[in-house]
J.: 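Sending over a structure as structure tokens; questions will come in a sec.
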2 protein chains.
Amino acid sequence: MLMKKNEEFVQSVNPKGQKSCDSFHNTIEFIGKRWMGIIIYHLLDGPKRFFELSMEIEGISDRLLTERLRDLEAQGLVIKNQSDPKVRKVEYELTPKGKELEDIIQAICEWVKKNGCCYKE
Amino acid sequence: MLMKKNEEFVQSVNPKGQKSCDSFHNTIEFIGKRWMGIIIYHLLDGPKRFFELSMEIEGISDRLLTERLRDLEAQGLVIKNQSDPKVRKVEYELTPKGKELEDIIQAICEWVKKNGCCYKE
DNA sequence: TTTATAAGATTACTATTAGTAAGCTTGTTT
DNA sequence: AAACAAGCTTACTAATAGTAATCTTATAAA
């Protein structure tokens with residue numbers, strides 16, 4: 001829309017110049033990235049190996065699974081455990097911060113139970 | 001990964017041949033679409049006009065805002081109210097189903113309060 | 001003891017989705 | 001009359017996702 005910001009609609013900003021909803025926005029954009037939700041969902045069962053995730057999550061490619069796991073590591077939501085680097089056994093596990101996502105996943109599951117799920121158009 | 005599905009990891013399926021996590025997956029992929037979360041967040045305040053949303057949500061383009069509102073309508077989460085089609089006043093309002101998303105938004109806000117937000121890499 | 005297969009990636013390329021910018025229409029302001 | 005506002009749409013570019021092939025090293029099978 002071609003117009004200057006109407007003062008009436010400017011949001012409240014905190015001392016760091018961040019709008020109050022910015023951290024919400026950043027977070028949902030992150031956990032809403034494609035495949036992210038279902039990866040977290042499966043990791044809530046406990047530590048999983050790369051190929052386990054790849055089997056359980058139908059349709060995901062190795063490339064995207066790798067990329068999402070790196071994203072999760074970078075945010076401190078997942079740690080990568082590779083006990084012996086000589087053995088190709090790599091496990092991915094939620095950190096305490098990552099485990100706390102369970103409430104969000106739970107809320108979504110409950111919404112679905114109550115309201116039915118969403119679909120691709 | 002180049003391998004046939006290991007039977008050990010095949011998921012439980014319901015009578016409709018749907019995996020138990022499919023509806024969760026569809027739903028989070030939908031509400032996790034870019035900008036979707038923050039649009040819902042702002043609509044939880046009450047009905048909003050197109051340009052109000054566009055002002056409040058910094059960075060969104062008209063094109064994407066239109067597209068996301070259409071997506072939300074198609075899923076029955078939002079209704080478009082245009083009392084008089086002669087007047088260019090269009091309001092978007094969450095349906096009861098849409099309002100129930102509040103618990104999910106709430107869960108995310110609480111996670112952020114406790115754990116800090118996620119960032120783009 | 002070659003041969004094959006598996007885990008966990010990376011790379012190259014194509015397709016889909018997002019971002020940017022402009023334009024359109026009809027009514028209201030100046 | 002001219003400019004501007006709301007709510008879209010269209011055209012084009014940039015970014016992200018999907019597909020497929022390849023790589024490395026280790027173990028299993030022939």
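These numbers come from a predicted model, not from an experiment. Labels below follow one simple rule: chain letters A, B, ... track the order of the sequence lines, proteins then strands, and each chain is numbered from 1. Worth knowing before you read on, the calculation uses all heavy atoms, side chains too, and leaves out hydrogens, waters and symmetry mates.
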J.: So that I can tick it off, tell me whether B:Glu100 and A:Lys114 are bridged by a salt bridge, with the cut-off set at under 4.0 angstrom between side-chain N and carboxylate O.
T.: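 Yes, A:Lys114 and B:Glu100 are salt-bridged.
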J.: Given D:dC8, is OP1 or OP2 found less than 4.0 Å from the side-chain N or O atoms of B:Tyr92?
T.: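 Indeed, a polar side-chain atom of B:Tyr92 lies that close.
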J.: Does OP1 or OP2 of D:dA15 have a side-chain N or O of B:Arg34 closer than 4.0 Å?
T.: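 Answer is no, no contact under 4.0 Å.
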J.: Quick check for you: among D:dC8, C:dA18, C:dT26, whose closest atom lies nearest to any side-chain atom of B:Glu67?
T.: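 The closest nucleotide is C:dA18.
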J.: Which listed nucleotide (D:dG7, D:dA17, C:dA9) is nearest to the side chain of B:Phe51?
T.: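 So the side chain of B:Phe51 is nearest to D:dG7.
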J.: Separation of A:Lys89 atom NZ from D:dT27 atom C1', in whole Å?
T.: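 Distance, rounded to whole Å: 15 Å.
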J.: NA contact type, B:Arg63, heavy-atom cut-off 4.0 Å: base, sugar-phosphate, or nothing?
T.: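 If one applies the 4.0 Å heavy-atom cut-off, B:Arg63 turns out to touch a base.
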J.: Starting from P on D:dC8, measure out to CG on B:Leu64 and report it in whole angstrom.
T.: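 It works out to 15 Å between those atoms.
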J.: Looking at residues at least two apart in the chain, or sitting in another chain, which of them share a side-chain contact (heavy atoms from CB on, under 4.5 Å) with A:Glu93?
T.: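 A:Glu93 satisfies side-chain contact (heavy atoms from CB on, under 4.5 Å) with A:Pro47, A:Ile79, A:Asn81, A:Lys99 only.
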J.: Which whole-number value in Å describes the distance from B:Gln82 CD to D:dA6 P?
T.: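 The distance from CD of B:Gln82 to P of D:dA6 comes to 15 Å, rounded to the nearest Å.
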J.: Would you mind reading off the distance between B:Leu53 atom CG and D:dA6 atom C1', rounded to a whole angstrom?
T.: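 Whole-Å distance recorded here is 13 Å.
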J.: Pick the closest DNA chain C nucleotide for A:Val90 and for B:Ile60 by heavy atoms, then say which residue is nearer the 5' end.
T.: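 It is A:Val90 whose nearest nucleotide is closer to the 5' end.
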J.: Evaluate the side-chain proximity of A:Leu43 to A:Val78: yes if any heavy-atom separation is below 4.5 Å, no if none is.
T.: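 Yes, their side chains come closer than 4.5 Å.
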J.: With ring centroids as reference points, do A:Tyr119 and B:Phe30 lie under 6.0 angstrom apart?
T.: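 Between A:Tyr119 and B:Phe30, the centre distance exceeds or equals 6.0 Å.
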J.: Please report the distance, rounded to the nearest Å, between NZ in A:Lys33 and C1' in D:dA15.
T.: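 Spelled out: NZ on A:Lys33 to C1' on D:dA15 is 12 Å.
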J.: Rounding to an integer number of Å, can you tell me how far A:Arg70 CZ sits from C:dT10 C1'?
T.: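 Result: 11 Å.
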J.: What's the CD-P distance between B:Glu52 and D:dA6, to the nearest Å?
T.: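 Atom-to-atom, B:Glu52 to D:dA6, this comes out as 10 Å.
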J.: With a cut-off of less than 4.0 Å, is there a side-chain N or O of A:Arg49 near OP1 or OP2 of C:dG8?
T.: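 For A:Arg49, the contact criterion (side-chain N or O under 4.0 Å from OP1 or OP2 of C:dG8) is met.
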J.: Quick check: do B:Leu69 and B:Lys80 have side-chain heavy atoms less than 4.5 Å from each other?
T.: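 B:Leu69 does not reach B:Lys80 side chain to side chain.
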J.: Identify which nucleotide among C:dT20, C:dA9, C:dA18 has an atom closest to any side-chain atom of A:Thr66, counting heavy atoms from C-beta outward.
T.: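 So the side chain of A:Thr66 is nearest to C:dA9.
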J.: Determine: side-chain N/O of B:Lys80 to OP1/OP2 of D:dC8, distance under 4.0 Å, yes or no.
T.: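 For B:Lys80, the contact criterion (side-chain N or O under 4.0 Å from OP1 or OP2 of D:dC8) is met.
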J.: Which of these nucleotides, C:dT20, C:dT10, D:dG7, is closest to any side-chain atom of A:Asp62?
T.: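 Side chain of A:Asp62 sits closest to C:dT10.
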J.: Measure CG/B:Leu69 against C1'/D:dC8 and give the value in whole Å, please.
T.: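 The distance from CG of B:Leu69 to C1' of D:dC8 comes to 11 Å, rounded to the nearest Å.
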